[in-house]
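Read the structure below first, then the notes.
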Amino acid sequence: MNINRLSLKEIYVLAIVVIFLLLIIYAIFSQQQTGLQRVGGLYLKKLGANPNIRNYVYGIYGMYRFYDTLFELLIFSTAVLGITIFSDLEESRESSSSELIESHVVDASASFLYPIIFLLGLYLAYSAHLGPGGGFAGGVIAGTGVLLLAIAIGADRIGQLFYEQFMKKVEYLILLLVLAIVLCSAVLPIDIYTGNRGTAVIIIANLSMGAKVFIGSWTILHFFVKHRGEI
Amino acid sequence: MILFFLFLLLVLAGAVLIQKRLLNAVILLGVFSLTSSMIYFLVGAPDVAVTEGAIGVAFVTFIYVLALSDQGKLHVVTEEIPPFFYQDKGRIQGIEYEILQQLADQLSLDLEVEFVKHSDLPSQISSRRTEIIAGAFYKEYLPASGLNITLPFHQASLAKIVDTQIENAPIGTLTDLDVTDIKEIDAERISRFNALEDLMSAYNKEKISGFISDSARMSIALNQITTQKRKTSEISQVSDINYTFAIPSSEVELTDKLNELLENLTKTGQLEKILDRYLR
Amino acid sequence: MTLFTSTISILVVGLGIIGLILKKNVLMKLLSLNIVNTSTILFFVLIVSEQGDRAPIGSSGLARMADPLPQALVLTSIVINFGVLALSLLFTMVLVKRYHTLDIDKIETSVKRDYKEESP
Amino acid sequence: MISLLVGLSAYLVSGTMTLIFRKWRFWISLSGWAGALVGLIFTSITYRNSGSTIGSLGPWGQLGIEIKIDQTTVLFLILAVALNLFTLLYLKGKKPATFYSLYNLLFATSFSWAFTNDLFNLYVIIELMSLISILLIGYDRKTYQIYAGIKYLLLSSLSMSLYLIGLAILYKTAGHLGISSVKAHLGAEPEFAVTLALTLMITGLAVKGGVLLFSMWLPDAHSYSSTVVSALLSGMAIKCGLIDIIRLSVLTDMSEALLVLGLITGIGGTIFAVIEKFPKRLLAYSTISQVGYILLGISMGTDLGITAASFHILFHGLSKSLLFVAVGHGKVGRIDLHQVNKVSLPIASKLGLLAGSLSILAIPPLDGYFSKCLLLDTVGHSWTWIVVLFIGLGTALSFVKLNWALLPGPTKGKFRLDDLSLIVYALIVSVGGGITLFFLSRTYIRHLFCLEYIEESIAILLIAILLYWLFKKPISKIRSPDFVFDLDSSLISLFTGFLLVIFLWL
């Protein structure tokens, strides 16, 4: 893609993309600033009244539009399902050596760091309705914590330590739990998110999402550790 | 403040696209996601900043680096044999090196050469890291099974030097030469040496009456014979051998790529030029 | 202010698209797809943001709160882009395992060759 | 709202349960299907007595996610449930458990897709649908399947980013996500920004919906994947993109942009189909041309147009998946139609082939006839009527070519159980036209059977047979261009299509 000898195709592509950008930029600038109250403002007012939720972004994706988050969990579990389907590919050449990096520095720091990482992941997962964070961020951070352990001790030992097969089954039960929460919030006449029962439901939903993402992210990492160095 | 980070974003995106090595591009992508997470924070979206940081920066970069950790390397295992594959003042040279370098460029991979002694060559083949075995390799050279032999890139002959005065001393040869099937030498009178130097010193001290080696090493061996020995020794052709590369049979794709390369090298005459530079 | 920020994020989207189409290496295509996705998300958040927005957390505070809806939507699409990326990396790995090359044209020719060779 | 949740949770539970109890995967999926049937009955009852309603999921009124139940929803659900039953009976536990889990998740997405009227929820479901169909395409791990999967993934991910940009601009102006509330806030004359936003969203949906310039991944993905997967993709996954174009067409009048897109897709699809020599790829191209029909129906903008398009979605889905399974069942997916003659096929796939092609060629008793005539009605006697007939002729030509090679051969193989499911489905497809009674008034259907339409379709068939018999040799000479469907050119054609639509609309 060097600049001086541009082929016809490259010129055509550049032309299209430039026109595409100009159109959008013109659209952005030509948009009248509609002062009208967007639905976001409505959410802010409504959520202000609900004492349980202080993080209004959680209020939207955790309560009002929880159906979207259910599908988001489905997308994550499809990705993990895809990884498990392809996990019986024959291993890559490097994975014969169990540890990724054989050095004492990594072992020492791993054993020191991973509790902190788990704690951070847990904190972000369960306190999604109070401050920033969320089931996904918490689960992924905990997943990377386990990766640090895998670097130190070795992926396969972590596999048995972690009862992988059992965890995979638990992962799908959690999905059903989240589905149950969606059903209750949609079907039941009473609003299950208010009062003490509300915080209980919120914390259950957060922790289940965090746990599911944690198990899923470890499955993905374990696959990529086993099949590293392929591309 | 936000505008600064946004321009940084633009520069990083351009940098990622220009990178030649994939590993650099992946690291730059991590920095790109980090800057975008920073912008989210500045714009007042902490939730998105945390999630983008956790997923976009850490997880995605981990997965790319893990998948790429051995990105695009062509592993070559060889014995140091001038003029085929040798190190000269830290720089690798040789006929086979130049051919394999062209193959690596074609596959947009980096050539990684590992010099190894002849004895542990068979073990190298079993370990699945090696992709090509070089170093004046020819069919009889290594009876290891499970190897694809590529097209020959150089015809040469197995030569024998005999010192006329010494009769009864055994014929010396290198351990890696499989000379058992050559008729006029009976097997038990062969003494094997694993390095060219001690073969030559034995010959100069008349411990052996002569030696057999492939023509490549023959040219090196000749200038090591002491002058007065040279007068009494004469060279005779034994059998012709053709030098090829060996590739584990599982790498079918690689074998026909190398054959393709050898074919058009011979067609374009480049092979002759390389051989001239090194052998003649 | 938001106009400039969103135009720059659109420029990054354009850069990603150019990389996606013109790059011959499959992995570079994935990287530029990742750039396109990240900058689209950035565009979504930036277009509704105003100068000096405050995080939509907690009740008190005088400054204007940022619009929480795009942030909630964007959280979902970050996870979606990650899912798409993980699967496409998986598929690239399978292709590279078979064809030993990352060049899209070589892959396409050998895929067509394999499809014809494999008898029905 | 209840029926959506019933059907969705039935599929999700069966999807996850198949992974946990791997032995009873067939029965669990069957129970999932039963739950979906209950959901379908609920929906049709609510539709029957209260017409097309717009509600929201959960007790939160405008703040929740908007759901719509109308004619397209019910028809698409009938398609999904029928396809589910047919492919499940045909599969009957042959595949491992993960395939069934993906299978159920695919139906879960199509079930919830029919209901959503919320722009962002649409985005999430489209992405889930593309992830699942990619895994299904690449399931047998053959390299050409993996390649088709990657091409589909890259194209759909890029197009969904365009959709998101469009949604961002639209959200800034309209401020709402539900389609009905957006329509309320949009005002009469939409400004340039809103038109651009809608074009971006239409591009995203067109890539998923199988429009010619946009979804260049379709021939590879549908012809390389295995039998059941290609039947599902062609029969149902494509229709999801079209349903959303129907939903979005409510927002502004985009008739002539869709008209041109429909023409390009219809004519281009038939031309490629006539040239193609592999049966499965021929069917994939004919799917593209039928998508052209549906777009023409939508572009008319009238209610009758929307009904014609929804009916065509249903009937084409049924017959195309029947054709794919019939071809796959006989294992003739990859034979060369030009060279080979007298191919031996089991009786079931012959019957399926005959029923499917006749239904697509709109021969009176079969169900394709109803949707074609509805389309002819909406189009009226303008010049598009001639184009519709031309596309009909092209499709007839390609199907005559398909049957010419496959039908006359001897029938092989004794009668097996899964043949039965194929034959039963062929009967359903041929007699399926009765569903229109459920929706249209009796007098209207008698009008559909008037002489003019009947002789039209039969005349087209006869001309096609004559044409093929005459030009058998030259057709087989033309070699269909492959480079058009490579990854780079499909990305370029995506953007060319986008620019075409935006300039048409201005």
Side-chain angles (χ1 to χ4, degrees), chain A residues 1 9-10 13-14 16-18 20-21 24-25 28-29 31 33 38-44 47-48 51 54-62 64-65 68-69 71-73 75-80 82-83 85-86 89-90 92 130-132 134 136-137 140 213 217 220 223-224 227 230-231, chain C residues 2-4 6-11 13-28 30 43 46-48 50 55-59 64-87 89-97 102:
Chain A
M1 203 179 77
K9 182 175 125 176
E10 279 154 3
V13 165
L14 290 175
I16 300 180
V17 173
V18 163
F20 168 75
L21 294 179
I24 295 186
I25 291 168
I28 295 170
F29 276 93
Q31 223 172 8
Q33 302 309 342
R38 278 196 287 271
V39 86
L42 220 61
Y43 278 116
L44 283 179
L47 284 166
R54 286 185 62 244
N55 177 3
Y56 300 143
V57 176
Y58 178 80
I60 293 176
Y61 79 81
Y64 284 116
R65 297 179 69 94
D68 276 354
T69 323
F71 273 97
E72 191 185 329
L73 264 172
I75 284 177
F76 194 84
S77 56
T78 329
V80 169
I83 298 276
I85 289 173
F86 279 82
L89 281 169
E90 40 95 10
S92 78
L130 299 173
F136 285 93
V140 163
V213 171
S217 57
I220 292 180
F223 172 82
F224 278 108
H227 294 268
E230 278 311 314
I231 293 172
Chain C
T2 54
L3 297 186
F4 296 114
S6 21
T7 36
I8 297 172
S9 60
I10 279 294
L11 291 181
V13 169
L15 211 63
I17 291 171
I18 291 173
L20 180 64
I21 297 177
L22 290 185
K23 275 283 166 186
K24 281 281 165 270
N25 184 333
V26 178
L27 205 84
M28 285 309 282
L30 288 189
F43 173 72
L46 283 179
I47 196 163
V48 278
E50 294 300 325
I57 292 170
S59 53
R64 181 182 175 287
M65 265 197 207
D67 185 342
L69 183 64
Q71 295 172 13
L73 306 182
V74 150
L75 280 176
T76 323
S77 47
I78 290 177
V79 174
I80 291 171
N81 294 330
F82 164 70
V84 165
L85 186 86
L87 282 187
L89 207 61
L90 177 73
F91 278 14
T92 337
M93 215 182 263
V94 175
L95 277 181
V96 167
K97 220 191 257 282
L102 274 166

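Numbered from 1 within each chain, the chains take letters A, B, ... in sequence-line order.
Under the 30°/60° scheme for interplanar angles, the aromatic rings of A:Phe76 and C:Phe82 are found to lie parallel.
Partners of C:Asp67 according to the side chain to side chain donor-acceptor pair (under 3.5 Å) rule, which considers only residues two or more places apart in sequence or in another chain, are A:Arg38, D:Tyr171. Partners of C:Thr76 under the side chain to side chain donor-acceptor pair (under 3.5 Å) rule, at least two apart in sequence or in another chain, are A:Glu72.
When heavy atoms are compared at a cutoff of 4.5 Å, C:Ile21 approaches chain A solely by way of its side chain, counted from C-beta outward. If you measure heavy-atom distances from C:Val26 to chain A, you find no contacts under 4.5 Å at all. Proximity to chain C is limited to the side chain of A:Val13, based on heavy atoms less than 4.5 angstrom apart. Contacts of A:Ile16 with chain C are absent, with no heavy-atom separation under 4.5 Å from either backbone or side chain. Contact annotation for C:Ile78: neither backbone nor side-chain heavy atoms come within less than 4.5 Å of a heavy atom of chain A. When heavy atoms are compared at a cutoff of 4.5 Å, A:Phe223 approaches chain C solely by way of its side chain, counted from C-beta outward. With a 4.5 Å cut-off on non-hydrogen atoms, C:Leu87 touches chain A through its side chain but not through its backbone.
With chain A as the partner, the residue from C:Leu75, C:Val84, C:Ile17 showing the most heavy-atom pairs under 4.5 Å is C:Leu75. With chain A as partner, the option from C:Val48, C:Leu95, C:Leu73 having the largest number of non-hydrogen pairs under 4.5 angstrom is C:Val48. Residue with the most contacts toward chain A among C:Gly83, C:Pro70, C:Gly14: C:Gly14 (heavy-atom pairs, distance under 4.5 Å).
With contacts defined as side-chain heavy-atom distances shorter than 4.5 Å, the pair A:Leu73/C:Val79 does not qualify. Looking at heavy atoms from C-beta onward, C:Gln71 lies out of side-chain contact with A:Tyr56 at the 4.5 angstrom threshold.
The two residues A:Val57 and C:Pro56 come nearest to each other via the heavy atoms CG2-CG, 3.4 Å. Residues A:Leu130 and C:Ile57 share a closest heavy-atom pair of O-CG2, 3.5 Å. A:Leu21 and C:Leu11 get closest at one heavy-atom pair: CD1-CD2, 4.2 Å.
Annotation: the span from A:Phe20 atom CZ to C:Ile18 atom CD1 amounts to 11.0 Å, rounded to 0.5 Å. The distance from atom CD1 of A:Ile28 to atom OG1 of C:Thr7, rounded to the nearest 0.5 Å, is 6.0 Å. Between the CD1 atom in C:Ile10 and the CD1 atom in A:Ile25 there is a gap of 7.0 Å [rounded to 0.5 Å]. Rounded to the nearest 0.5 angstrom, A:Lys9 NZ and C:Leu22 CG are separated by 7.0 Å.
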Determine whether C:Leu90 and A:His227 satisfy the following criterion, side chain to side chain contact (heavy atoms under 4.5 Å, CB included), listing intermediate values before the conclusion. CA-CA 10 Å; C:Leu90 177 73; A:His227 294 268; over 6 Å; no
